[in-house]
Colleague: 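I have a structure here, written as structure tokens, and I will follow up with some questions on it.
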Amino acid sequence: MLVSWNWLKEYVALDMPVEQLTSRLMMAGLNHESTREVGGDLAIDLEVTSNRPDCLGHLGIAREIAVLYDRTLTVPPARPAQSPTPVGRLTRVRVDCPDLCPRYTARLVRNIRVGPSPRWLARRLETIGLTPINNVVDISNYVLMECGQPLHTFDFERLAGGEIIVRRAAAGETIEAIDHRVYPLGPQMCVIADAERPVAIGGVMGGASTEISPQTRHVLVEAAEFDPISIRATARALNLHSDSSYRFERRIDSEGVDWASRRCCELILELCGGELAEGVIDVGAPPPARKPIALRLRRVPQVLGIDVPAEAIVRILSALGCQVVERSAEAIAVVAPSWRRDLTREIDLIEEVARIWGYEKIPEDASVPMFPSHRTREDRVLDKVRGVLTASGFDEAVTLSVVEPALSEALSPWTDQPALRSLTPVLRGADHLRRSLVPSLLAARRTNESLANEEIELFEIARVYLPQGAELPREEKMLGVVSGRGFAEVRGAVEAVFDSVRIAGIAAAEAAIDLLDPAESCCWRRGDALVGYAGRLSAEAQARFDLRGPTVVAELHLAPLVEAAQLVPQYAPLSNYPAVCRDINLVVDEKVRWAEVATVAAEQCGPFAEEVLYRDTYRDAQRLGPEKKSLLFSVVLRSREATLTNQQADEIRQRIVEACGRRFGAVLRAQ
């Protein structure tokens, strides 16, 4: 942000050396980049952070100086004289897209004279790098750089129908901007139109068809507020950035819109003549009421390590524009000014006190009390999840939240709703908000394969975005895993995650998810809720994702894990008695899953179950019959009270065989 030394003098007394001022501003958060002399003036380049759009104008910088040096800030009153003719009789404004333009104001100045700007105005614009054009355009730029509120002036006689319509652009519409380039418009862009065509790209740049010329007699002055996200998306899509879009992207002062409009009209009357129609057309909802922010005075020394007198705290916050609405010996409550949207919490007020009081006044050895932070339940669960997976040889990945349409459509186990689209792709073609982590991780695996990496074992903990019709998407935190190992190994790693947080009631079941091999896949449920799934990609899916080798994927919904995790360590004495193992070889139908058999076996073992271990699967149509297979597995039994006898172990084994027979039609394979 370039500011003029002489211009700043209009609002605050500057009797200090420029080096001292820039140093003090730097200590208060406005980093000094450079100072250079321009035609008898000084152009001071200050870095303004994105949370301080109020400092993107000379008045904002002057306000900071006034607070730092305890000076009086002089703000022009902006009270232009008005003619008796109401503006509503001369023009109309309609806003059809209040989500893109929450507020639009218009004033009309008639019978002006367009010509060169006076030398004082031209010099101020030249100092900060702007080229003078004519008095009307220069005035709008002057007010922009004065207060940070973008304005636009239209040649009123070139507005078809003498009206303004704020709407979304129609598909296929184009506009020639004042830079005399033609830009294609899209339905997500806000345009300012007359009765026939777009005449400006809302919040970005005006159109050539209504720009001010030497023949202009009547001027419509626009001052508005636009949605920051829409402005940012439009500017990026068109590769068209301006001083106006830069400020709208960072939000403007909603309550300063009318002042900027009045100030512009005041200067037009002064420098261009003419008469201002009475009143203003103001379309849109009023700014929302600002909530008080409480500041406990004891928190200031706790955070800063030094005492700041209560009177000084009140003086600093009041000078910054905060309104003190409540005060006691222990605390104060203030309402932040409309131009400081970044002040929302107690700690924000403490930071303001610190930077104005002076960071240099805080000794290096100041004692700042330390308080232990409380880790959330989710943090503790995720730490355990990461620990299990990294110990199992997986590396944590971070991928983008958007994917290509083909990847998005390939796998979506959590919702059937179409994915939401981003207006601006993060990467070429990647504009769909992901509904599953697996496609992103598979893309990462594909990239690693192309680079000849041998070990590609990845997991990611991140959010997916599940559409809810017209509502905002439901953001759910998921765990995704992609591996080149076998299905059994990946399943074991996932079930080790369950064990690490000691979740009860998780049961494996058959998975019916597209792109997974039915013979090597499963899902986990807790009650009726789907917790997650795992499986080897089918040959079709492997080709679809352009993968070279077999790949196993898994994905878990983390909310049930966080909710049901048992995080209090539990002591259980080790059994003093030996384990007893029994092998079981069952012949079952091909469609029967090992996960189902393992669940039944564990249930029949009851309190004696220590492990149910898969050993092998054997297929032979001649010996076993068509569509049959034999599952060989072992059960490890142990009692905490006594050594299990062979008879007890055999009885448990028999119960397992009978239960599997009833459930799956299984028979014990003859030796």
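What you see is a predicted model; the values in this text were computed from it and never measured. When reading the values below, keep in mind they use all heavy atoms of this one structure, side chains included, and skip hydrogens, waters and symmetry mates.
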Colleague: Can you check whether G549's main-chain N or O pairs, donor with acceptor, with T551's side chain at less than 3.5 Å?
Modeller: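 Checking the backbone N and O of G549 against the side chain of T551, a donor-acceptor pair under 3.5 Å is found.
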
Colleague: Hey, are the side chains of V562 and T376 touching, using non-hydrogen atoms and a 4.5 Å cut-off?
Modeller: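 No, side chains not in contact.
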
Colleague: Applying the salt bridge (charged side-chain N to carboxylate O under 4.0 Å, His left out) test to E520, which of R491, R485, R536 qualifies?
Modeller: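 Filter result, single survivor: R536.
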
Colleague: If only side-chain N and O atoms count, and only distance matters, is there a donor-acceptor pair under 3.5 Å linking R434 with T399?
Modeller: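 Indeed, the side chains of T399 and R434 share at least one donor-acceptor pair under 3.5 Å.
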
Colleague: Could you walk me through whether R463 and S401 pass the side-chain hydrogen bond (donor to acceptor under 3.5 Å, both in side chains) test, one step at a time?
Modeller: CA-CA 8 Å; R463 296 186 185 278; S401 296; over 6 Å; no

Colleague: Tell me whether R640 contacts the main-chain N or O of P573 through its side chain, where contact means a donor paired with an acceptor under 3.5 Å.
Modeller: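 Confirmed, R640 side chain pairs with P573 backbone.
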
Colleague: Donor-acceptor check, side chain of E457 to backbone of G484, threshold 3.5 angstrom: yes or no?
Modeller: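 Yes: the side chain of E457 pairs with the backbone of G484.
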
Colleague: Evaluate side-chain hydrogen bond (donor to acceptor under 3.5 Å, both in side chains) for S440 paired with E460, printing each intermediate quantity in order.
Modeller: CA-CA 10 Å; S440 301; E460 181 176 16; 5.5 Å; no

Colleague: Output all residues satisfying ring pair (Phe, Tyr, Trp, His ring centres under 6.0 Å) with F498, sequence neighbours left out; order by chain, then residue number.
Modeller: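 So F498 forms a ring pair (Phe, Tyr, Trp, His ring centres under 6.0 Å) with W524.
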
Colleague: Within the distance-only criterion (no hydrogens, no angle test), does the side chain of D517 pair as donor or acceptor with the backbone N or O of A519 below 3.5 angstrom?
Modeller: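 Such a contact is found between D517 side chain and A519 backbone.
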
Colleague: Q566 side chain to R502 main-chain N or O, any donor-acceptor pair under 3.5 Å?
Modeller: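 Side chain of Q566 to backbone of R502, a donor-acceptor pair under 3.5 Å: yes, one is there.
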
Colleague: Exactly one of T390, V388, D395 should register a side chain to side chain contact (heavy atoms under 4.5 Å, CB included) with F459. Which one does?
Modeller: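 Only one of T390, V388, D395 forms a side chain to side chain contact (heavy atoms under 4.5 Å, CB included) with F459, namely T390.
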
Colleague: Compare every heavy atom of L441 with every heavy atom of V481, then report the nearest pair and how far apart it is.
Modeller: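 So the minimum-distance heavy-atom pair works out to N-CD1, 3.9 Å.
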
Colleague: Examine distances only and state if a side-chain atom of R593 and a backbone atom of P518 form a donor-acceptor pair shorter than 3.5 Å.
Modeller: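 Yes, because the side chain of R593 sits within donor-acceptor range (under 3.5 Å) of the backbone of P518.
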
Colleague: Which heavy-atom pair separates V494 from A554 by the least distance, and what is that distance?
Modeller: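 Distance-wise, the nearest heavy atoms are CG2-CB, 3.9 Å.
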
Colleague: To the nearest 0.5 Å, how far apart are CD1 in I652 and CG in L644?
Modeller: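 Rounded to the nearest 0.5 Å, the CD1-CG separation comes to 6.0 Å.
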
Colleague: Give every residue pair that meets the salt bridge (Lys or Arg N to Asp or Glu O under 4.0 Å) criterion with at least one member in residues 441-455, sequence neighbours excluded.
Modeller: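 Salt bridge (Lys or Arg N to Asp or Glu O under 4.0 Å) check on residues 441-455 returns R445-E449.
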
Colleague: Which pairs pass ring-ring contact (aromatic ring centres under 6.0 Å, His included) with one or both residues in residues 390-419, sequence neighbours excluded?
Modeller: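 Every ring-ring contact (aromatic ring centres under 6.0 Å, His included) pair that includes a residue of residues 390-419, provided the two are not neighbours, is W414-H557.
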
Colleague: Side chain of S450, backbone of T447: donor and acceptor closer than 3.5 Å?
Modeller: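 Yes, S450 side chain to T447 backbone: donor-acceptor pair under 3.5 Å.
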
Colleague: For the side chain of R525 and the backbone of D528, is there at least one donor-acceptor N/O pair under 3.5 Å apart?
Modeller: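 Looks like yes, one N/O pair under 3.5 Å.
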
Colleague: Would you find a donor on one side and an acceptor on the other, under 3.5 Å apart, between the side chain of R653 and the backbone of D583?
Modeller: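 The answer is yes, because a donor-acceptor pair under 3.5 Å joins these two groups.
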
Colleague: Within 45 degrees of the ring normal and closer than 6.0 Å to the centroid, is that where the cationic atom of R181 sits relative to Y183?
Modeller: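 Verdict for Y183: no cation-pi partner in R181.
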
Colleague: Evaluate the salt bridge (Lys or Arg N to Asp or Glu O under 4.0 Å) criterion for residues D96 and R168: first the C-alpha distance (whole Å), next the side-chain angles of each, then the deciding distance (0.1 Å), finally the verdict.
Modeller: CA-CA 8 Å; D96 293 341; R168 296 177 185 272; over 6 Å; no

Colleague: Donor-acceptor pair, E596 side chain versus E510 backbone, under 3.5 Å?
Modeller: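 No; judged by distance alone, with no hydrogens or angles, the pair does not exist.
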
Colleague: How far apart are the C-alpha atoms of V482 and F545, what are their side-chain angles, what is the distance that settles it, and do they pass the side chain to side chain contact (heavy atoms under 4.5 Å, CB included) test?
Modeller: CA-CA 13 Å; V482 168; F545 285 98; over 6 Å; no

Colleague: Do R167 and E173 meet the salt-bridge criterion of a basic N to acidic O distance under 4.0 Å?
Modeller: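 Salt bridge flag = yes for R167 with E173.
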
Colleague: Are E590 and R619 ion-paired here, with the side-chain N under 4.0 Å from a carboxylate O?
Modeller: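 Looking at E590 and R619, the cut-off is met.
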
Colleague: Decide side-chain hydrogen bond (donor to acceptor under 3.5 Å, both in side chains) for Y618 and D616; before the verdict, give the C-alpha distance in whole Å, the side-chain angles of both, and the deciding distance to 0.1 Å.
Modeller: CA-CA 7 Å; Y618 175 73; D616 195 11; over 6 Å; no

